[in-house]
**Q** 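Got a structure here, written out as structure tokens. Questions coming.
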Amino acid sequence: MEPDLTDEAAYEQVRAEQWQRMSRRGMLRATAGAGLGAAFMGAASAAAPATASTTTTAAAADGPIVKPLPPELFITHGTNAETRWEALKGAGLHTPVDRFFVRNHVSTPLIDARTWRLKLWGSGLRGSPAEDAPVEFSYEDLLGLRAETITAFIECTGNGRGFFTSQQGQQVSGTPWKLGAVGVARWRGVPLSTVLERAGLTRRAVDILPRGLDPEYIDKGENLGRVRRPLPVAKALKDVLLAYEMNGEPLAPDHGFPVRLVVPSWVGIASVKWLGDIQVSDQPLFSPWNTRFYRFFGPDHPAEGSAPLTRMNVKSAFELPWDATLAAGRRHVLTGRSWSGNGRIRTVEVSTDGGATWHRARTHGPHPSRAWVRWEHTWRPPATGRYELLARAVDETGARQPATVPHNTLGYLFGAVVRHPVTVT
Ligand code: MTE
């Protein structure tokens, strides 16, 4: 039984156990002083054999992803790993780290938190510090600032991309995810606003540019540099977290250790992992991640592309294997989850006859506004054969899942109702 991390007491217990585990393993010896901060520093040295890493370079792991990727939990796509939806059945509100999807442009770096620094620089800060003379925060500095905890999903903008082709017969480029490029976690860290203000944020600042410490991204032979995507200061100050903890434990290497951004409700690319520096500017900023990628392109869109994508859309998924086999004449409790970047889900409906008739699903459990809601619907298949199960949700703004969505060449934001095939035998 997994702990219910929405329960404060259970959450604190998970944290305390983590502390004890690391203390038993002698991880605290790696650093001077004790306290939770030291425990996390210990985790850092456990994740990375102490190398002479600097704050801007990091050892690369052997493969693109460090954690185990058992086939019953993940579908791998190159440098990425997709969560299998059936692995979430009974998993509670939060996605356990062992099955949280990984989206890596290149590979997971192993970073030593003892030498790591977060560097802030640029014309939007008091005194316009230069890139080579930034305002710096160590890992311990961040652990010492007032922390906040939020439950939020992170979702790849291309989640569901494969259905542009399989359901709509359209060509798109990019990883052909089904619906498993999303996860909900309980994130703990320092509000980005706190750090920006301490670094000397001025009223002139308009954009920030967080940049990761993973290796430079080569796209079709062209070096695009390190992953970085501009974020408007207004969003940065609203609800963005510099997260160092995920589900009560220090971030795992694949999810951004030692510190990542969590940009709630927005496209996953905004939540930059392995954060190294943040440029703060009094001018709008650009990188390939807000010019070339993460915009709508194609005949239905302006020639230069749409505005950069921000919020995620409404989606629903069944916690069932793709092409699941179910026994005829038996009662099946179909379970699933629905979520939206606009806020809470208002209603979920399920169809077991390919969309001819719809039934209201029963939702249950807590539903934080930046996470998903869990639901169920009981079904007794009337006869053997092939069926398509459909689920569609409406969120608190009235946004609902349509039967089809307009095409875009990079296959972003597939929010149409997904037709989930099952065989009844
Ligand atoms: N940050 C860095 N530095 N490098 C990356 O490749 N991928 C982004 C984002 N942050 C990425 C990154 C994308 S596209 C997504 S969807 C999320 O991280 C995925 O987070 P996860 O791997 O923890 O699930």
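Just so we're clear, the structure is a prediction, and the values are computed from it rather than from any experiment. Each ligand, and each atom within it, is numbered from 1 in the order the structure gives. The first residue of the sequence shown is numbered 1, and numbering continues consecutively from there.
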**Q** Working to the nearest 0.5 Å, report the span between CG of Leu209 and CH2 of Trp121.
**A** 7.5 Å
**Q** Angle between ring planes, His105 versus Trp289, binned at 30° and 60°: parallel, tilted or perpendicular?
**A** perpendicular
**Q** Please could you name the atoms of ligand 1 that Gly212 approaches to less than 4.0 Å, counting only its heavy atoms?
**A** 3 (N)
**Q** Please report which non-hydrogen protein atom sits nearest to atom 5 (C) of ligand 1, along with the residue it belongs to and the distance in Å to one decimal place.
**A** His105 ND1, 3.5 Å
**Q** Can Arg392 and Glu349 be counted as an ion pair, charged N to O under 4.0 angstrom?
**A** yes
**Q** Which residue holds the protein heavy atom closest to atom 17 (C) of ligand 1, what is that atom called, and what is the gap in Å?
**A** Gly268 O, 3.6 Å
**Q** Which of the atoms in ligand 1, numbered in the order shown and given with their element, are less than 4.0 Å from a heavy-atom of Val102?
**A** 22 (O)
**Q** Is it the side chain, the backbone, both or neither of Tyr294 that has a heavy atom closer than 4.0 Å to ligand 1?
**A** side chain
**Q** Hey, is Asn104 touching ligand 1 through its side chain, its backbone, both or neither, going by heavy atoms under 4.0 Å?
**A** backbone
**Q** Can you confirm, on distance only, whether ligand 1 has an N/O atom lying under 3.5 Å from any N/O atom belonging to Phe101?
**A** yes
**Q** Return the closest protein heavy atom for atom 13 (C) of ligand 1 as residue, atom name and distance.
**A** Arg103 CG, 3.4 Å
**Q** Nearest protein heavy atom to atom 16 (S) of ligand 1, by residue and atom, and its distance?
**A** Cys156 CA, 3.5 Å
**Q** For Trp177 together with His77, are the ring centres under 6.0 Å from each other?
**A** yes
**Q** Taking the six-membered ring of Trp85 as reference, does the NZ or CZ atom of Lys178 fall below 6.0 Å from its centre and within a 45° cone about the axis?
**A** no
**Q** Against heavy atoms of Asp214, which atoms of ligand 1 measure under 4.0 Å?
**A** 2 (C), 3 (N), 4 (N), 5 (C), 6 (O)
**Q** Between Lys67 and Asp254 (salt bridge meaning N to carboxylate O under 4.0 Å), is one present in this structure?
**A** no
**Q** Kindly state whether the ring of Tyr412 and the ring of Phe296 have centres lying under 6.0 angstrom apart.
**A** no
**Q** Do the two ring centres, one from Tyr244 and one from Trp116, sit under 6.0 Å apart?
**A** no
**Q** Looking at Asp141 and Arg117, is any side-chain nitrogen of the basic one under 4.0 Å from a carboxylate oxygen of the acidic one?
**A** no
**Q** Residue-level breakdown please: for Arg260 versus ligand 1, do any non-hydrogen atoms fall below 4.0 Å on the side chain, on the backbone, on both, or on neither?
**A** side chain
**Q** For Arg228, is the nearest heavy atom under 4.0 Å from an atom of ligand 1?
**A** no
**Q** Taking heavy atoms and a distance under 4.0 Å, where does Ser271 meet ligand 1: side chain, backbone, both or neither?
**A** backbone
**Q** Using 0.5 Å steps for rounding, measure from the CE atom of Met312 to the OG atom of Ser340.
**A** 9.5 Å
**Q** When you look for heavy atoms under 4.0 Å from ligand 1, do you find them on the side chain of Phe100, its backbone, both, or neither?
**A** side chain
**Q** Nearest to atom 1 (N) of ligand 1, what protein heavy atom do you find, and at what distance?
**A** Lys273 N, 2.9 Å
**Q** Give a yes or no on whether the backbone of Thr175 and the side-chain of Arg161 come within a donor-acceptor separation of less than 3.5 Å.
**A** yes
**Q** Going by heavy atoms, is Trp289 under 4.0 Å from ligand 1?
**A** no
**Q** Does Trp274, backbone or side chain, put an N or O under 3.5 Å from an N or O of ligand 1?
**A** no
